[in-house]
Amino acid sequence: MKAFLTSTAAAICLAGCTTAPAELRDAPAVQAPQSTEDARVADLISRMSLERKVAQLIQPQINSFTAADMERYRFGSYLNGGNGGPYGDEYAPASEWLRLADEMYLASVKPLPGDEPAIPTMWGTDAVHGHTNVVGATIFPHNIALGATRDADLVRRIGEATAVEIEVTGIDWNFSPTVAVAQDDRWGRTYESYSEDPRIVAPLGAALVEGLQGRKGDPDRLGAGHVIATAKHFFGDGGTDQGVDQGEVTGDIEALKTIHAAPYPAAIGAGVEAIMASFNSINGKKMHGNKSLLTDVLRGELGFDGLVVGDWNGHGQVAGCTNTDCPQSLLAGLDIYMVPDDWKGLLETLVGQVEDGTIPMATLDEAVTRILRVKLRAGLLDGAVKPSDRPNAGQLELLGSPEHRAIAREAVAKSQVLLKNNGVLPLQAGANILVAGTAADDIAQASGGWTLTWQGGGDLDNSYFPGATSIWSGLKAATEESGGKATLSADGSYGEKPDVAIVVFGEKPYAEFAGDRKHLGFTDEEGLDLLRKFKVEGIPTVAVFLSGRPMWVNRELNAADAFVASWLPGSEGEGIADALTGARPATGKLGFSWPATCDFGPLNGPQGALFPVGYGRSLEDTSATPQLDETCAPLLEGPSRALFESGRLADGAIAFVTKPNITGEGELLAQMRGDITDAGVSVRSVDRNAQEDAREVSMRAGSRFGLAQDRDSGGAYRIAYEVMTRPTAPIALRVGEDAVVDLTDKFALAHGKGWREMLITEACAPGLGQRIRFETEGDISFRISSVTREDVPEGTACSF
Ligand code: BGC
Ligand code: BGC
């Protein structure tokens, strides 16, 4: 639907336009609202104050504002984010999510003076594989698995079930589906992509939109059982150089569109109401400031008339912008700024920029129109009631209901891709099976990132997943039902020799840039060791590989008798047993090419693939798999001991800023870049020996900035640094949790002397540990080009 009706359009208008009032049909093009919908919105806007119009554009996250702030400012929307839960509790029960939804809604609709309308707010969440921020929700397989099913009807049903579970908690809006077309599996978000082929992505993305929102034309569209959907991230997220998250996409724009924008017409055709702008840049320009793509292509060429929401401080990455100052994004076509923490500064700046004419009032009004139109369609403007009075709200039995779990189980079974089978599958009724590997009974690992927490995994043991079934539990139930016997043995030890061993292993959970890898060699050898051990003992094996992407696993493929790409199946582990026993025939087909080698080259596409897109055996296909080459150069190097090197964070490393009074890692910096204004830290790329191979860190008094590894790789820290400003107050390096190295004098000496190296050993930082953190009591600015760890002889002194 176009926002305004032209007289030509009126002339060719068929069914659906009959409601346009007769007197409007011949009115001048630009002033004539097309529908009662637009007239309704125009009336509201005409009665809104400037500040509250701007507030419609502001989307803060739940832990950075209160209900009093909502009442004072009237944010158009808000989000929880991957690490946010109501009242500061990520694991809060569903009833608490609903309580917060009510509280914020009621604050947003408190009557305003005079004639000004109070516009209900809305809450957006990342229910990207079920409503998985909430304890007890059904955890569906991630998109990469759903792509392997090719089953749009299944994906639609997943969307419907997810929408209902979202409604239970009173939330209005889902930031899903991701319709990225991942082109390089080293990208940490590959698992959020249905396929490397846009022809597979497009229908599945559209199906999820229909499931979440309801089908166009259906009376319950956006009504009971439905929420607003978001296609993301527009566009090019899956096309960055070397698969670097939030990175740069290069190439001919029309060619890029045929891959990365290809899923959008389908999503728009399915009626998606929101589209999220992507973090990446295209040919040097960040999408959040790219008018020709956000406006001319998205709204013009593709005819999108819903709202465009930004990504997490994505506007702050536009050249010349900060998190609190970025008219460029609105002018480029962004409607909502996702500004988790710095909402106040941004709101004030935008108001000023409308007042001084930097932003034309008409541009602001257009953005507000698009936001209110979506609210109107979603039933939020007419007779809206508080979240807990809406359909499905508070019906806690719907969260993780048996019906929803049955859909997830079906999805798990249908998404298993059988890559090898010497005849050990299907599992025989009555068999004695041994289930090995620490991942077998680990629901968090099977669920991957975006599960209760942003990164998933970590400390989440099975007690965090009430109602869920681990892979082990599913196998046990199926085996016992068939009259057989199942034993769980993480380390593969056994008493009675089993008929078959099932080894479950794979990647540990990650999300976004924390999952970026330099190569696709699967280096963890727990599964490999188990497979080899069973081979020696003459026990046939089935490898169940959990991963967010295809990886080089030639060694495991050689060692196993059967190999299943299981992806990230989620909470319904019985689906794996269904596929392995043949209770539900294995029909999964690869949506991504499987790599034959572990080199660093571009990885997708048919060339050089071990298994191409579309590959997947039936249980009956027991044809031989040839012995595969096991050489892999990156494996010989051993795991990297770097945290930051060559301009990028190493695999498994994070950079973070902790605000005063916060313990732990605090706010993360993608690619070790960003401004955390309220903590007073800014980290930007600078050149030392190569383009953007170093970072300049500017810290204000009281701030903290650090780096950590996901595991402790041991050894001394070697840090290449240059001090840019002379310290005016104490600055220290905290190593691990307890050791504090005073840098004040060292930095004073190093100032103005160019690049230097410091070596931090046990001598000045006893215990060392997996994280370091700079803590300063005065303003300071320094540069870092590498942080690595190395073994040094015992007793080596620290040097600076
Ligand atoms: C991600 C988005 C997500 C948003 C809110 C961002 O970092 O890129 O996909 O919707 O955070 O959690
Ligand atoms: C949030 C995520 C977000 C990420 C971006 C996290 O703290 O919880 O939702 O995507 O930061 O940096």
Side-chain angles (χ1 to χ4, degrees), residues 58-64 77-86 90 122-134 142-143 162 166 171-180 182 187-194 205 208 212 227-240 243-247 263 267 272-281 286-288 307-317 323 334 336-343 448-456 510-516 548 654-656 667-671 673-674 676:
I58 300 288
Q59 182 177 88
Q61 63 103 356
I62 50 176
N63 294 317
S64 78
S77 58
Y78 61 101
L79 87 157
N80 52 276
N83 280 335
E90 286 194 277
M122 54 183 177
W123 180 347
T125 194
D126 292 285
V128 300
H129 63 140
H131 192 23
T132 55
N133 281 290
V134 181
H142 270 293
N143 286 354
T162 303
I166 293 172
I171 296 178
D172 310 272
W173 179 8
N174 188 6
F175 302 137
S176 172
T178 298
V179 293
W187 185 36
R189 303 189 83 155
T190 300
Y191 66 80
E192 294 187 58
S193 172
Y194 294 107
L208 197 82
L212 288 168
V227 297
I228 299 162
T230 311
K232 70 186 188 185
H233 311 80
F234 187 80
F235 77 86
D237 47 357
T240 58
V244 169
D245 193 42
Q246 311 193 0
V272 73
E273 294 288 349
I275 287 181
M276 190 181 289
S278 194
F279 276 126
N280 60 272
S281 52
K286 282 278 173 187
M287 280 302 304
H288 279 66
L307 66 83
V308 176
V309 60
D311 205 341
W312 191 273
N313 282 330
H315 59 277
Q317 297 187 18
N323 292 347
L334 192 86
I336 295 181
Y337 291 82
M338 187 186 285
V339 55
D341 301 309
D342 298 313
W343 50 267
W450 296 108
T451 303
L452 296 186
T453 61
W454 179 39
Q455 295 292 322
Y510 51 77
E512 298 185 51
F513 44 85
D516 285 359
I654 53 169
F656 59 90
E667 189 147 352
L668 299 180
L669 294 175
Q671 302 309 327
R673 260 192 293 261
I676 309 291

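Just so you know, these numbers come straight off a predicted model, no measurement behind them. All ligand and atom numbering here is 1-based and tracks the order in the structure.
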Chemist: Could you tell me, atom by atom, which parts of ligand 1 come under 4.0 Å of a heavy atom of R189?
Modeler: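 This gives 1 (C), 2 (C), 8 (O), 9 (O) as the contact atoms.
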Chemist: Show the atoms of ligand 1 that are less than 4.0 angstrom away from any heavy atom in D126.
Modeler: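 In order of number, 3 (C), 5 (C), 10 (O), 12 (O).
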Chemist: Which one of L79, D245, D311, T178 has a non-hydrogen atom at the shortest distance from atom 4 (C) of ligand 1?
Modeler: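 Considering heavy atoms of L79, D245, D311, T178, the nearest to atom 4 (C) of ligand 1 sits in D311.
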Chemist: Number the atoms of ligand 1 from 1 as they appear, then name those within less than 4.0 Å of a heavy atom of K232, with their elements.
Modeler: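 So the answer, numbered in order with elements, is 2 (C), 3 (C), 9 (O), 10 (O).
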Chemist: Within the structure, does W312 bring an N/O atom to less than 3.5 angstrom of an N/O atom in ligand 1?
Modeler: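 So ligand 1 has no N or O lying under 3.5 Å from an N or O of W312.
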Chemist: Just jot down the ring pair (Phe, Tyr, Trp, His ring centres under 6.0 Å) partners of H131, sequence neighbours excluded, or say none.
Modeler: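 By the ring pair (Phe, Tyr, Trp, His ring centres under 6.0 Å) rule, H131 matches no residue at all.
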Chemist: Could you list the atoms of ligand 1 found under 4.0 angstrom from a heavy atom of H233?
Modeler: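 Near H233, meaning under 4.0 Å from one of its heavy atoms, ligand 1 has 2 (C), 8 (O), 9 (O).
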Chemist: In ligand 1, which numbered atoms sit nearer than 4.0 Å to a non-hydrogen atom of F175?
Modeler: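 It comes down to these atoms of ligand 1: 10 (O).
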Chemist: Using a 4.0 Å heavy-atom cut-off, say whether F279 meets ligand 1 through its side chain, its backbone, both or neither.
Modeler: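 The answer is the side chain.
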Chemist: Should you measure from each heavy atom of E512, which atoms of ligand 1 turn up under 4.0 Å away?
Modeler: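 Taking each heavy atom of E512 in turn, ligand 1 has 1 (C), 6 (C), 7 (O), 8 (O) under 4.0 Å.
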Chemist: For G81, take its heavy atoms, then give the atoms of ligand 1 lying under 4.0 Å from any of them.
Modeler: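 Atoms satisfying the 4.0 Å criterion: 12 (O).
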Chemist: Among D311, V179, I275, which residue meets the side-chain contact (heavy atoms from CB on, under 4.5 Å) test with F234?
Modeler: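 Exactly one pass, corresponding to I275.
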Chemist: For T240 and W187: C-alpha separation, side-chain torsions, deciding distance, then whether side-chain hydrogen bond (donor to acceptor under 3.5 Å, both in side chains) applies.
Modeler: CA-CA 8 Å; T240 58; W187 185 36; 5.1 Å; no
Chemist: Can you list the steps and then say if Q59 with W343 is a side-chain hydrogen bond (donor to acceptor under 3.5 Å, both in side chains)?
Modeler: CA-CA 7 Å; Q59 182 177 88; W343 50 267; over 6 Å; no
